Amino acid sequence: MLSKMIKEKYYCGIDLGTQKIKAGILKVKDPTDMELIGAYEHKSHGFKDNAVSDLAEFSECIHHTIHELTKKTGIKFRHVQLGLGGAMIETREINTVIPLIDRGNKIITRRDIKKLNNDARLLGIKIDEEILHDLPQYYKVDDVNSALNPIGLYGRKLGVHSLMIIINGNRIRNITKAVHQAGYDVANVFFSSYATSKVVLQDTEKKGGCILIDIGSQYTSVLVFLDGILRFLEKINIGGSNFTRNIADQINLPFDLAEEIKKSYAVASGFDERKDEEILVKREDAYIPVKKGAIYQAISPVIEEFVERIRAAIVLSGLKDRINNGMTIVGGGSLLPGCIERIGQAMNMPVKLGQVNLPSRKNLNHTALFSSVVGLAQSGFKKTVRYSISSNGHSHWAKHFTNRVKDLYQEYF
Ligand SMILES: Nc1ncnc2c1ncn2[C@@H]1O[C@H](COP(=O)(O)OP(=O)(O)OP(=O)(O)O)[C@@H](O)[C@H]1O
Ligand SMILES: [Mg+2]
């Protein structure tokens with residue numbers, strides 16, 4: 001049978017977060033037949049202030065994460081699909097224009113668009129930057145006509161407005177070096193939250209307008225989609241560790257203990273009923289009682305500020321009134337009970353926890369945590385096969401050839 005003959009392939013996504021390194025393996029037969037066969041998470045070491053601070057330690061950490069994943073799944077591989085968190089990236093919007101012809105008009109071809117986007121990439125970055133994602137927002141034909149797809153239109157000059165997601169060159173070089181030292185090769189690099197959006201958001205949601213919020217440990221990324229593309233990205237320097245830090249400071253506990261308490265007892269909204277309840281917390285050799293109300297009071301102001309910053313980001317996008325499909329929330333910080341409800345109330349929008357609609361061998365209960373590795377592995381797969389699979393059964397070169405002929409035809413006549 002044909003389907004049996006297609007060899008399944010494995011893709012490893014690895015998400016380098018500021019607090020956790022997460023890795024997962026996706027088994028892919030074809031774009032409609034994928035399975036998450038294992039995932040693993042490990043605390044990040046040797047990585048500080050959004051850059052590699054200790055190469056040996058960081059690379060050991062990557063090695064350990066992938067080694068454990070290999071042990072769990074029995075699958076070996078060499079290439080990884082790397083994802084980087086919001087803390088490590090920058091965005092830039094740029095406008096670029098090219099002339100199409102000296103005199104008269106011509107019909108705009110796929111090649112013109114390719115050249116324009118290539119120029120945009122060259123002009124849009126500084127000397128020591130790399131582009132992770134280049135997202136054309138709209139094209140302009142002869143300064144007036146805004147088009148999402150200008151192929152086939154008459155024009156004398158062609159412009160593009162692009163949103164670039166970029167990273168510092170040495171930062172990515174050092175991270176890649178750590179991956180090499182761990183014994184692996186980097187196949188592709190993506191912005192983690194963007195890769196996540198590919199598996200938690202439906203195309204119809206993105207078309208009608210929706211928001212993805214990735215709550216990490218030190219940063220939260222707000223991504224606004226409309227007409228099917230990423231239109232706006234804002235980073236907020238508040239995440240789950242800010243909640244923990246407040247608990248640690250106000251109840252006078254070490255950070256790690258405050259982290260445990262946060263995960264077991266903290267809530268972001270709907271608290272009142274249990275105000276006088278106490279929990280016993282082990283400190284050194286003694287148990288001390290802590291009121292649940294005190295935990296709530298410790299995180300409440302930072303939650304308030306956090307929600308306000310998200311609201312401000314969405315207003316800044318200028319697209320709030322065009323969001324018809326609500327908000328989806330991912331990242332470890334979203335697991336704080338009451339957090340997503342609180343954000344939904346503040347924005348007066350429907351809100352849900354991100355889900356990956358994918359069969360997984362083990363029931364991984366926190367898909368909000370592992371959606372990034374699935375998105376990374378899937379993005380890697382799509383990049384590899386973009387030109388080798390076509391939905392209508394034609395081989396890639398035949399399709400490419402037809403396009404080329406069309407381009408030539410339009411260029412000469
Ligand atoms: N069950 C839980 N309840 C509350 N908070 C949680 C829970 N599980 C994880 N978190 C919080 O999620 C945060 C980590 O999220 P995540 O693993 O997405 O971050 P990261 O990817 O390492 O960071 P970043 O994306 O900022 O680089 C931590 O602050 C952690 O305390
Ligand atoms: Mg993250």
Side-chain angles (χ1 to χ4, degrees), residues 13-24 39-53 58 61-62 65 82-89 132 165 167 171 175 189-197 199-200 212-223 233-248 253-269 295-296 298-299 302-303 306 309 328-343 353-354 356 364-376:
I14 178 160
D15 179 8
L16 303 180
T18 43
Q19 191 180 53
K20 293 281 172 65
I21 296 186
K22 304 174 196 73
Y40 184 77
E41 165 181 82
H42 184 63
K43 205 166 178 337
S44 305
H45 293 287
F47 197 78
K48 244 178 102 181
D49 298 331
N50 310 320
V52 181
S53 57
F58 188 52
C61 208
I62 294 171
T65 310
L82 197 64
L84 305 177
M88 285 173 254
I89 55 107
L132 296 187
I165 300 181
I167 184 162
R171 187 176 280 171
I175 292 170
V189 187
F190 305 100
F191 167 39
S192 288
S193 312
Y194 186 62
T196 308
S197 77
V199 289
V200 299
L212 180 72
I213 299 178
D214 183 352
I215 311 178
S217 81
Q218 286 162 21
Y219 276 87
T220 294
S221 302
V222 178
L223 292 79
L233 165 62
E234 177 85 344
K235 301 187 298 183
I236 296 170
N237 59 350
I238 299 180
S241 65
N242 295 73
F243 309 154
T244 309
R245 170 64 49 211
N246 266 33
I247 295 174
L253 299 169
F255 186 89
D256 287 347
L257 185 54
E259 176 78 7
E260 290 311 310
I261 289 175
K262 179 184 82 172
K263 286 186 182 169
S264 309
Y265 302 105
V267 292
S269 69
I295 301 172
Y296 183 71
I299 61 167
V302 66
I303 300 266
F306 178 58
R309 294 276 299 277
T328 303
I329 311 209
V330 291
S334 65
L335 300 175
L336 181 72
C339 182
I340 69 166
E341 289 82 358
R342 186 98 179 241
I343 298 171
L353 206 58
V356 181
L364 295 163
N365 40 7
H366 287 326
T367 49
L369 270 181
F370 287 109
S371 52
S372 65
V373 300
V374 176
L376 291 166

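For reference, positions follow the sequence shown, starting with 1. Just follow the structure's listing: the first ligand is 1, and inside any ligand the first atom is 1. What you see is a predicted model; the values in this text were computed from it and never measured.
Residue Ala87 places every heavy atom at 4.0 Å or more from ligand 1. Under the 4.0 angstrom criterion for non-hydrogen atoms, Gly239 is not in contact with ligand 1.
Not one N or O on the side chain of Lys22 forms a donor-acceptor pair closer than 3.5 Å with the backbone of Ser371. Judged by distance alone, the side chain of Arg171 and the main-chain N or O of Met88 form a donor-acceptor pair under 3.5 Å. Side-chain atoms of Ser44 come within 3.5 Å of backbone atoms of Gly17 as a donor-acceptor pair (strictly under, hydrogens ignored). Not a single donor-acceptor pair under 3.5 Å links the side chain of Ser217 to the backbone N or O of Gly240. Under the 3.5 Å distance criterion, the side-chain polar atoms of Ser372 are left unmatched by any main-chain donor or acceptor of Ser192.
The shortest N or O to N or O distance between Gly332 and ligand 1 is below 3.5 Å. The shortest N/O to N/O separation between Lys263 and ligand 1 does not fall below 3.5 Å. At least one N or O atom of Gly333 sits closer than 3.5 Å to an N or O atom of ligand 1. Residue Thr244 has no nitrogen or oxygen atom sitting less than 3.5 Å from a nitrogen or oxygen atom of ligand 1, judged on distance alone. For ligand 1, none of its N or O atoms has an N or O atom of Asp15 under 3.5 Å away. Between Glu41 and ligand 1, not a single N/O pair is under 3.5 Å apart. In terms of polar-atom proximity, defined here as any N/O pair under 3.5 Å, Asp214 makes no such contact with ligand 1.
In this structure, the ring pair (Phe, Tyr, Trp, His ring centres under 6.0 Å) partners of Phe243, at least two apart in sequence or on a different chain, are Phe306. With sequence neighbours excluded, the residues satisfying side chain to side chain donor-acceptor pair (under 3.5 Å) with Tyr194 are Lys198.
With a 4.0 Å cut-off on non-hydrogen atoms, Gln218 touches ligand 1 through its backbone and not its side chain.
Close approach to Gly17 involves these atoms of ligand 1, each under 4.0 Å from a residue heavy atom: 20 (P), 21 (O), 22 (O), 27 (O). Against a heavy-atom cut-off of under 4.0 Å, Leu335 is close to the following atoms of ligand 1: 1 (N), 2 (C), 3 (N), 4 (C), 7 (C), 8 (N). Of all the atoms in ligand 1, the ones that sit under 4.0 Å from a non-hydrogen atom of Tyr219 are 26 (O). Taking every non-hydrogen atom of Lys20 and a distance limit under 4.0 Å, the qualifying atoms of ligand 1 come out as 22 (O). Residue-ligand proximity, Gly331 to ligand 1, at heavy-atom distances under 4.0 Å covers atoms 18 (O).
Side-chain atoms of Thr244 and Lys262 form a donor-acceptor pair, as typed in the model, at a separation below 3.5 Å.
Of the candidates Ala266, Gly240, Ser371, Gly240 brings a heavy atom nearest to atom 29 (O) of ligand 1. Remark: among candidates Met88, Lys43, Lys262, the nearest residue to atom 5 (N) of ligand 1 is Lys262, based on non-hydrogen atoms. Nearest-residue assignment for atom 17 (O) of ligand 1 (options Lys235, Gln19, Lys22; heavy-atom criterion): Lys22.
Here Ile247 contributes atom CD1 and Phe255 contributes atom CZ; the two are 9.5 Å apart, rounded to the nearest 0.5 Å.
Classification of the His45-His42 ring pair by plane angle, with boundaries at 30° and 60°, yields perpendicular.
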Just do the side chain to side chain contact (heavy atoms under 4.5 Å, CB included) check on Ile213 and Thr220 with the steps written out, would you? CA-CA 7 Å; Ile213 299 178; Thr220 294; 3.6 Å; yes

